[in-house]
Number of protein chains: 2
Amino acid sequence: MASIKDVAAEAGVSVATVSRVLNGHPSVSTDARTRVQAAVDALGYRPNAVARSLRTDQTRALGLVISDVLNPYFTELARSVEEEARALGYSVVIGNADERPDLQDHHVRTLLDRRIDGLLVSPTDGGSPLMLDAARAGTPMVFVDRWIPGVDVPVVRSDGRAAVRDLVAHLHGLGHRRLAIIAGPAATTTGRERVEAFREALAAYGLDLPDAYIGQGDFQVDSGRRVTEGFLDLPEPPQVVFAADNLMALGALDAVRARGLRVPEDVGLAAFDDIRWFVHTDPPITAIAQPTGDLGRAAVRALVDRIEGRPGESVTLPARLVVRRSCGEPAPA
Amino acid sequence: MASIKDVAAEAGVSVATVSRVLNGHPSVSTDARTRVQAAVDALGYRPNAVARSLRTDQTRALGLVISDVLNPYFTELARSVEEEARALGYSVVIGNADERPDLQDHHVRTLLDRRIDGLLVSPTDGGSPLMLDAARAGTPMVFVDRWIPGVDVPVVRSDGRAAVRDLVAHLHGLGHRRLAIIAGPAATTTGRERVEAFREALAAYGLDLPDAYIGQGDFQVDSGRRVTEGFLDLPEPPQVVFAADNLMALGALDAVRARGLRVPEDVGLAAFDDIRWFVHTDPPITAIAQPTGDLGRAAVRALVDRIEGRPGESVTLPARLVVRRSCGEPAPA
DNA sequence: TGAGCCCGTGGAATCGATTACACGGAGGAT
DNA sequence: ATCCTCCGTGTAATCGATTCCACGGGCTCA
């Protein structure tokens with residue numbers, strides 16, 4: 001592969017001049033400029049980004065450590081992140097943590113080794129020393145969706161409190177009183193928050209959230225299935241199950257179906273995170289929709305701000321309730 | 001960030017010795033080795049992958065240019081690719097082409113600039129000069145799922161012919177005779193092949209595939225919707241619509257639903273690519289399942305073989321039919 | 001005791017870019 | 001005519017690693 005020296009030789013100038021042309025530096029004669037351009041075209045020369053990065057100490061690459069690529073919410077997030085990053089002249093290197101702290105650490109380490117300019121993370125846990133150290137050492141970093149308390153890093157996320165209140169109001173209006181939740185891992189903020197928001201909303205209606213109605217899931221399909229089976233085995237099973245993410249909702253659907261029960265006649269189902277398939281499931285699933293695209297774009301902007309020396313602000317966007325049929329007939333529109 | 005010089009100074013040895021310790025070179029004294037280790041730990045030193053890559057001319061990174069990240073088939077593929085790559089000591093840099101040749105080219109160019117060791121592509125078109133040149137210039141490359149004829153690059157894909165025959169047999173057995181297909185872009189191999197396989201399978205039953213029953217889609221939801229509307233407007237609409245990918249099937253479902261029609265009573269629906277949501281759609285959708293994980297792993301192995309100087313073989317794996325209820329009641333099990 | 005080897009080590013070149021610094025020549029001001 | 005300034009250019013240092021080569025010392029063996 002041709003290097004800058006080859007171009008210089010071909011154009012009959014020094015490598016410095018070639019570099020200046022490539023970087024649009026003003027002080028190059030028109031003559032030299034055209035000769036270099038010609039040489040570049042003739043050789044099909046492309047600058048070696050590795051060498052450039054070594055010299056300039058910037059890679060123009062962002063790391064994105066995502067909790068789970070198989071979760072449509074995160075793939076949508078990844079897509080908007082890449083889009084915005086591309087618009088700003090950055091590439092994105094994605095690492096999939098599969099909700100496993102060890103994998104998350106592996107990716108953070110690899111990305112740091114590759115000297116990405118900044119890191120976007122939705123932490124699967126409370127934060128390993130590695131990540132905390134990186135944040136403290138000044139690696140530009142932004143948390144998306146989930147975050148770690150007590151770390152000085154901007155957070156871009158969605159606040160589901162109001163939407164959860166709307167959901168509970170909706171359920172209460174349909175006459176449901178025994179409401180259960182499949183929670184996410186307590187080590188994640190979203191795992192905890194959604195339970196709290198649910199509990200508070202229930203309290204507003206004088207309803208209780210007994211321990212038996214809090215199932216511990218891990219944001220994966222199987223846990224949704226397992227927890228739902230537990231709910232159904234209860235002497236007094238809940239009337240509605242609220243899954244804290246879309247994959248656990250899928251597991252819940254599996255479990256209900258496996259018992260020969262029907263949604264919503266026998267059990268209602270609602271989910272956090274709306275995905276396009278929920279329109280066509282049997283029945284269509286009532287869900288809380290996050291402004292995923294906006295989240296991804298805001299996160300990239302905050303990160304790039306940090307990288308380029310600007311403040312880089314936290315952003316919180318509201319989520320909203322999308323009522324479908326999985327909890328009973330909706331009120332006539 | 002600490003460099004190898006800092007480690008050398010801290011340990012009281014030369015950078016050469018530090019490098020040897022880091023790379024497990026045998027000829028280093030135990031004494032020097034422990035001193036270097038201590039210095040590494042004390043400084044929290046991590047080798048700069050950029051510098052290493054420049055010197056060794058390898059990045060231990062693979063590029064994966066995927067047709068569409070929002071398509072669950074491809075995200076599953078991406079996941080298995082990353083998994084296998086990680087097991088072999090490589091990272092994966094993903095580029096999302098969104099079925100757009102210009103975006104595909106952008107990513108190929110960026111990845112090449114970053115000097116990834118090899119490229120995994122599922123081409124969205126017949127191949128830009130850029131990609132063809134790269135292949136000819138000897139960049140290790142492997143095509144996954146889709147490929148470009150006439151280029152000397154291993155292909156890892158799934159053969160759906162047998163499964164399509166099974167599908168047609170199934171449909172014929174249910175009494176359906178007017179069968180239509182939503183095709184993918186003619187510029188892609190999968191876009192063309194699936195139509196051909198369908199046509200041949202129909203022919204075996206003495207059935208014809210009239211032009212009116214071939215809708216031109218682009219593997220995206222909207223096109224599935226649009227084509228299906230066209231089918232439903234026909235004086236004699238098809239009894240079953242076969243979508244060449246899962247997203248177009250979703251669009252088809254939208255279109256049918258919007259007309260107030262039911263699947264399978266009014267129109268049957270089948271899809272290429274099976275995804276977990278198909279179990280819970282209304283009705284569950286009959287689909288052709290590819291061994292996606294195996295495909296991803298085989299592709300990585302083939303690519304790494306090429307990179308490391310071994311042959312790197314093409315692989316073709318069979319797909320299989322998964323019968324559900326979207327084309328009518330299945331035969332009793 | 002001297003020749004030859006092997007082992008552990010360090011010096012320095014190298015990868016491909018960017019950029020500070022120096023230098024020669026042209027042109028303007030005095 | 002002399003001096004100063006600017007412009008376009010090249011030389012060389014630099015980024016952080018890897019690795020070839022040379023060197024000194026201890027060993028074995030004759």
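Lettering of chains follows the sequences in order, A, B, ..., and the numbering in each one begins at 1.
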Inset, instruction - Would you classify Ala32(B) as touching base, sugar-phosphate or nothing, given that sugar-phosphate means primed atoms plus P, OP1 and OP2, and contacts are heavy atoms under 4.0 Å? - result: sugar-phosphate
Inset, instruction - Nearest-nucleotide wise, let me know which of Val28(B) and Ala51(B) is further upstream toward the 5' end of DNA chain C. - result: Val28(B)
Inset, instruction - To the nearest Å, give me how far apart NZ (Lys5(B)) and P (dA13(D)) are. - result: 13 Å
Legend entry - Chi angles and distances behind the salt bridge (Lys or Arg N to Asp or Glu O under 4.0 Å) call for Arg100(B), Asp102(B): CA-CA 5 Å; Arg100(B) 286 170 42 190; Asp102(B) 61 319; 2.8 Å; yes
Inset, instruction - Under 4.0 Å between any heavy atoms, over every strand shown, what does Ser19(B) touch: base, sugar-phosphate, or nothing? Just pick one. - result: base
Legend entry - Between dA17(D) (C1') and Arg114(A) (CZ): distance, integer Å: 15 Å
Legend entry - Interatomic spacing from CG in Leu77(B) to CG in Leu120(B) - rounded to 0.5 Å: 7.5 Å
Legend entry - Nucleotide range of DNA chain C lying under 4.0 Å from chain A heavy atoms: dC15(C) to dA20(C)
Inset, instruction - Check whether any side-chain N or O of Thr17(B) sits under 3.5 Å from a backbone N or O of Val15(B) as a donor-acceptor pair, and report yes or no. - result: no
Inset, instruction - Considering just the side-chain nitrogens and oxygens of Thr56(B), establish if one lies under 4.0 Å of OP1 or OP2 belonging to dA17(D). - result: no
Legend entry - d(CZ, Arg20(A); P, dT11(D)) in whole Å: 11 Å
Inset, instruction - Would you confirm whether Arg192(A), through its side chain, and Ala186(A), through its main-chain N or O, come within 3.5 Å as a donor-acceptor pair? - result: yes
Inset, instruction - Have a look at Ser27(A) and say if it touches a base, only the backbone sugar-phosphate, or nothing, with a 4.0 Å heavy-atom cut-off. - result: base
Legend entry - Asp6(A) vs Tyr45(A) side-chain heavy atoms within contact, under 4.5 Å: no
Inset, instruction - Answer with base, sugar-phosphate or nothing: what part of the nucleic acid does Val13(A) contact at a heavy-atom distance below 4.0 Å? - result: sugar-phosphate
Legend entry - Pairwise side-chain contact, Arg115(A) with Asp57(A), heavy-atom cut-off 4.5 Å (strictly under): no
Inset, instruction - Using whole Å, report how far OH of Tyr45(B) lies from C1' of dA17(D). - result: 7 Å
Inset, instruction - Return the 5'-most residue of the pair Arg33(B), Ala2(A) with respect to DNA chain C, ranking by each residue's nearest nucleotide. - result: Arg33(B)
Inset, instruction - Calculate the interatomic distance between Asp31(A) atom CG and dC7(D) atom C1'; express it in whole Å. - result: 15 Å
Inset, instruction - Would you indicate what Asn23(A) reaches in the nucleic acid, counting non-hydrogen atoms under 4.0 angstrom: base, sugar-phosphate, or nothing? - result: sugar-phosphate
Legend entry - Listed nucleotide nearest any side-chain atom of Arg55(B), set dT18(D), dG8(D), dT11(D): dT18(D)
Inset, instruction - Identify whether any heavy atom of Ser29(B) sits under 4.0 Å from a base atom; if not, whether one sits that close to sugar-phosphate; answer base, sugar-phosphate or nothing. - result: sugar-phosphate
Inset, instruction - For a side chain to side chain contact (heavy atoms under 4.5 Å, CB included) with Tyr73(A), tell me which candidate from Asp245(A), Asp68(A), Asp145(A) qualifies. - result: Asp145(A)
